[in-house]
Amino acid sequence: MIKSKWGLVPAVLLGFALFNTACAQIPPAAIPTGQAYINEEQQVEHSTVLFNNSKYLIPLQNLDQLKIASVHFSNRYATAFDSLLNKYSKVDVFDGNTYSGSKNLIDLSGDLKWYNTIILQVNDADLNNPQIMDFISSNQKLKNVIVAAFGGGGMLTKLNNVTVPILWTERATPVSAFYSAQAIFGGLPVTQKLTRSYSLQFASGMGFITNKTRLQYTVPEEAGISAANLTEIDNIAREAISQHATPGCVVLVAKDGKVIFNKAYGYHTYDNTIPDNITDIFDLASMTKITATTVEAMKLTDEGKLNLEGTIGDYIPLARKSNKNDIKIRDILMHQAGLIPDIKTFEKVKPSDHSTDSSAAYPVRVSDHYFLRKDYFKDVMFPDMLNSPIKTPGQYVYSDISMLLMKEIEESITSVPENVYVQQQFYGPLGMQTAGFLPLHRFSANRIPPTENDQEYRQSLLDGYVHDPTAAMLGGVAGHAGLFASANDVAIIYQMLLNRGTYGGVQYFKPEVVDLFTSKQSAVSRRGLGFDRWDPIADRHYPSKLASPQTYGHTGFTGTCIWVDPKYNLVYVFLSNRVHPDASNKLGSLNIRPRIQDVVYDAITKGM
């Protein structure tokens, strides 16, 4: 339910994937659903034209380099527009109407000093205001400015002297707000040219065409799915919560590059204080293995810097005198190097190894009031990894040590910490606003559902600190765990993989590298390189009885999963904190994640 001044509105009425709570100011009756939404969107598309885009500013590129502000005046659907902008990148919103009386738009320009990109929403009435026209004229000389214009074609003549991109749509509706915002980022294409002349600057036949390059946010019907056939997801999520399998969860489904379902259920904890939100940031646990460590391995392989047939000793000099020297990188990624599952963690820590306060001697923050001594990893944990026994090479044994070692290998190649590398190479450029390690450095704990209430070692509720003990003792950055993200961010990076390495007009890997890592590579297990995959277990199949053999992804111990099915052009994300307040296997025993996934496949089969 979404709370608004019109009361509680069922999310199904508002379009599963279109809204953040900012859109609650729009009456639900104003927003079409199902086929009616698609019909309105088609009319919007046919009346939307892009001008002055010779420098190809639209769709926006290099998102990690942009500081974006959205400014509105009398656009009644500004909240809808801004909500969709924020699906793609962090966009700060300014209400131009507050700059009146003793203030004026010169003050607004001052407040926008630190922004290099301004998206300005205007209608015909706004353009009668000379201050707004002066605002456009002065800022277009200094910054990237995009004018999103809503209204009849006659308003274009008022923009004759504007040289920056103008995205004009004749229709002023919630759907046109959604469309224009997505078109600015490439979530939707601009396909039309002007059909009549209004001035020399806006003559018939003018207009720039753009391509769809990023996720679109829309109703299920646009992907050929009836929204009614997805409602069973609600029942399964409620079952999980009522059975205390998890206090809350977020589900996202993207089909054909379109996010058609994204809903939050329950609360951060069982005391029902903070409701789950679709923008919440979850501990992804072992999803880190593929969302951070494996994608870095893919890029280094693509660049010729990592040889899958090479050995640990080729990249880690300290390993050359250990039993890890001859282990191949390929075998590490497939979990068949003979490595044991993990090393000892808290049970091995001596009283002199940790402190309740941080200091130069105890700099590694494990959680609140728990700090490890300097060089504990180098002195204790890394030797434990290198000296751990080798069991039977060639057999499949799922091991966290595999990705701990991959992190060390990658950092030896790049000389960049893994958390910094993936942020710079993937998360920032892709527009992933929440993804990253050490989330408390950037976000309030209120946005992060807590995991375990660890009274044995850390004596605290883990809220924003990684749940996995080995990752915790590494200060929250590890190759196998430690990554946090929202469902939308997870969808973005896996849509890039589903696109075989391309997103937002940027190629992150060659297609053949994606195919290599995500396809079955092992003769003794279902695994790809880093990625978990489909498996015909008994009569139900993994991860879903209806998933295709092409499916790849991973689960996380905290109650998360990501599955990509190229056959169905599908991305499925499930995030929860099922280990709160302590670890329970109910989420698994109730088959919550696969049952929700089955609902999606059933809905695809049933169609409209």
Side-chain angles (χ1 to χ4, degrees), residues 285-290 292-294 296-297 301 306-349 376-412 418 467-474 478-482 516-517 519-538 542-543 552-557 583 585 588:
S286 283
M287 280 174 57
T288 304
K289 291 180 171 74
I290 57 171
T293 310
T294 297
E296 180 169 356
T301 300
L306 177 66
N307 179 7
L308 297 176
E309 305 305 325
T311 67
I312 294 178
D314 291 336
Y315 298 100
I316 302 178
L318 286 174
R320 293 169 190 166
K321 296 181 180 180
S322 76
N323 58 7
K324 308 296 186 298
N325 178 57
D326 297 325
I327 293 176
K328 287 188 175 182
I329 306 303
R330 179 183 293 274
D331 289 331
I332 296 175
L333 290 167
M334 290 189 294
H335 295 276
Q336 56 188 54
L339 301 172
I340 62 174
D342 206 349
I343 57 174
K344 291 183 178 181
T345 55
F346 286 106
E347 62 270 27
K348 191 171 182 176
V349 176
Y376 184 83
F377 172 74
K378 184 176 72 174
D379 295 342
V380 179
M381 298 179 72
F382 194 45
D384 281 355
M385 287 162 50
L386 290 180
N387 297 323
S388 61
I390 298 291
K391 298 295 186 179
T392 308
Q395 289 187 358
Y396 171 69
V397 177
Y398 183 73
S399 170
D400 286 344
I401 294 178
S402 64
M403 289 301 180
L404 287 163
L405 289 171
M406 276 307 306
K407 173 178 176 289
E408 295 302 310
I409 291 167
E410 291 165 358
E411 291 178 346
S412 293
E418 179 175 310
H467 177 263
D468 181 87
T470 309
M473 295 181 67
L474 284 166
H480 70 295
L516 173 67
F517 274 73
S519 61
K520 188 176 188 297
Q521 293 295 314
S522 173
V524 299
S525 79
R526 62 180 181 248
R527 308 292 297 205
L529 295 173
F531 291 91
D532 199 0
R533 301 191 72 261
W534 173 88
D535 194 5
I537 298 173
Y542 173 84
Y552 61 86
H554 218 284
T555 59
F557 184 78
N585 193 39

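Along the sequence shown, residues carry numbers from 1.
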ask   = What residues form a side chain to side chain contact (heavy atoms under 4.5 Å, CB included) with L516, not counting sequence neighbours?
value = L308, Q521, L529
task = Answer yes or no for R526 and Y542: cation-pi contact, defined as NZ/CZ to six-membered ring centre under 6.0 Å and angle to ring axis within 45°.
result = yes
request  = Any chance you could measure E410, atom CD, to Y315, atom OH, to the nearest 0.5 Å?
outcome  = 11.0 Å
key: Inter-residue atom distance E296.CD - T301.OG1, 0.5 Å rounding   = 10.5 Å
request  = Would you mind reporting whether L339 and V397 have side-chain heavy atoms less than 4.5 Å apart?
outcome  = no
inquiry  = If we count only N and O atoms by modelled type, under 3.5 Å, do the side chains of T470 and D400 hold a donor and an acceptor together?
reply    = no
Closest non-hydrogen atom pair between A478 and L404, with its separation = CB-CD2, 4.1 Å
query = With no hydrogens and no angle check, is any side-chain donor or acceptor of K520 less than 3.5 Å from a backbone partner on S525?
reply = yes
inquiry  = Distance check, rounded to the nearest 0.5 Å: K289 atom NZ versus M403 atom CE?
reply    = 7.5 Å
request  = Compare all side-chain heavy atoms of T294 with those of F531 and state whether any distance is below 4.5 angstrom.
outcome  = yes
key: From CA spacing to verdict: side chain to side chain contact (heavy atoms under 4.5 Å, CB included), D384, K344   = CA-CA 8 Å; D384 281 355; K344 291 183 178 181; 5.6 Å; no
task = Considering non-hydrogen atoms only, spot the tightest contact between F346 and M473 and give its length.
result = N-SD, 3.6 Å
message = Can you confirm whether I329 sits close enough to M406 that some side-chain heavy atom of one is under 4.5 Å from a side-chain heavy atom of the other?
response = yes
query = From K348 NZ over to I343 CD1, what is the distance, rounded to the nearest 0.5 angstrom?
reply = 7.5 Å
inquiry  = Tell me whether N323 contacts the main-chain N or O of S388 through its side chain, where contact means a donor paired with an acceptor under 3.5 Å.
reply    = yes
Nearest atoms (heavy-atom pairs only) where V524 meets Y396 = CG2-N, 4.2 Å
Exercise: identify the closest heavy-atom pair between E418 and A292 = OE2-CB, 3.5 Å
ask   = With no hydrogens and no angle check, is any side-chain donor or acceptor of T293 less than 3.5 Å from a backbone partner on K407?
value = no
Pairs meeting criterion ring-ring contact (aromatic ring centres under 6.0 Å, His included) with involvement of residues 316-340, two or more places apart = H335-Y398
task = Taking all non-hydrogen atoms of both residues into account, name the closest pair between K378 and P383 and its distance.
result = O-CD, 3.2 Å
task = Would you kindly say whether Q336 and S522 are connected by a side-chain donor-acceptor distance under 3.5 Å?
result = yes
ask   = Counting only N and O atoms by type, is there a donor-acceptor contact under 3.5 Å from the side chain of S322 to the main-chain atoms of N387?
value = no
query = Under 4.5 Å between any side-chain heavy atoms of L333 and F517, yes or no?
reply = yes
key: S399 side chain vs I340 backbone, donor-acceptor pair below 3.5 Å   = yes
Stepwise side chain to side chain contact (heavy atoms under 4.5 Å, CB included) check, L405 with I327 = CA-CA 11 Å; L405 289 171; I327 293 176; 6.0 Å; no
query = Is L318 close to F382 at the side-chain level, that is, under 4.5 Å between some pair of heavy atoms?
reply = yes
inquiry  = Suppose the criterion is salt bridge (Lys or Arg N to Asp or Glu O under 4.0 Å): which pairs have a residue in residues 319-329, not counting sequence neighbours?
reply    = E309-K328
task = Could you tell me which non-hydrogen atom of A471 sits nearest to which non-hydrogen atom of A481, and how far apart they are?
result = CB-O, 3.7 Å
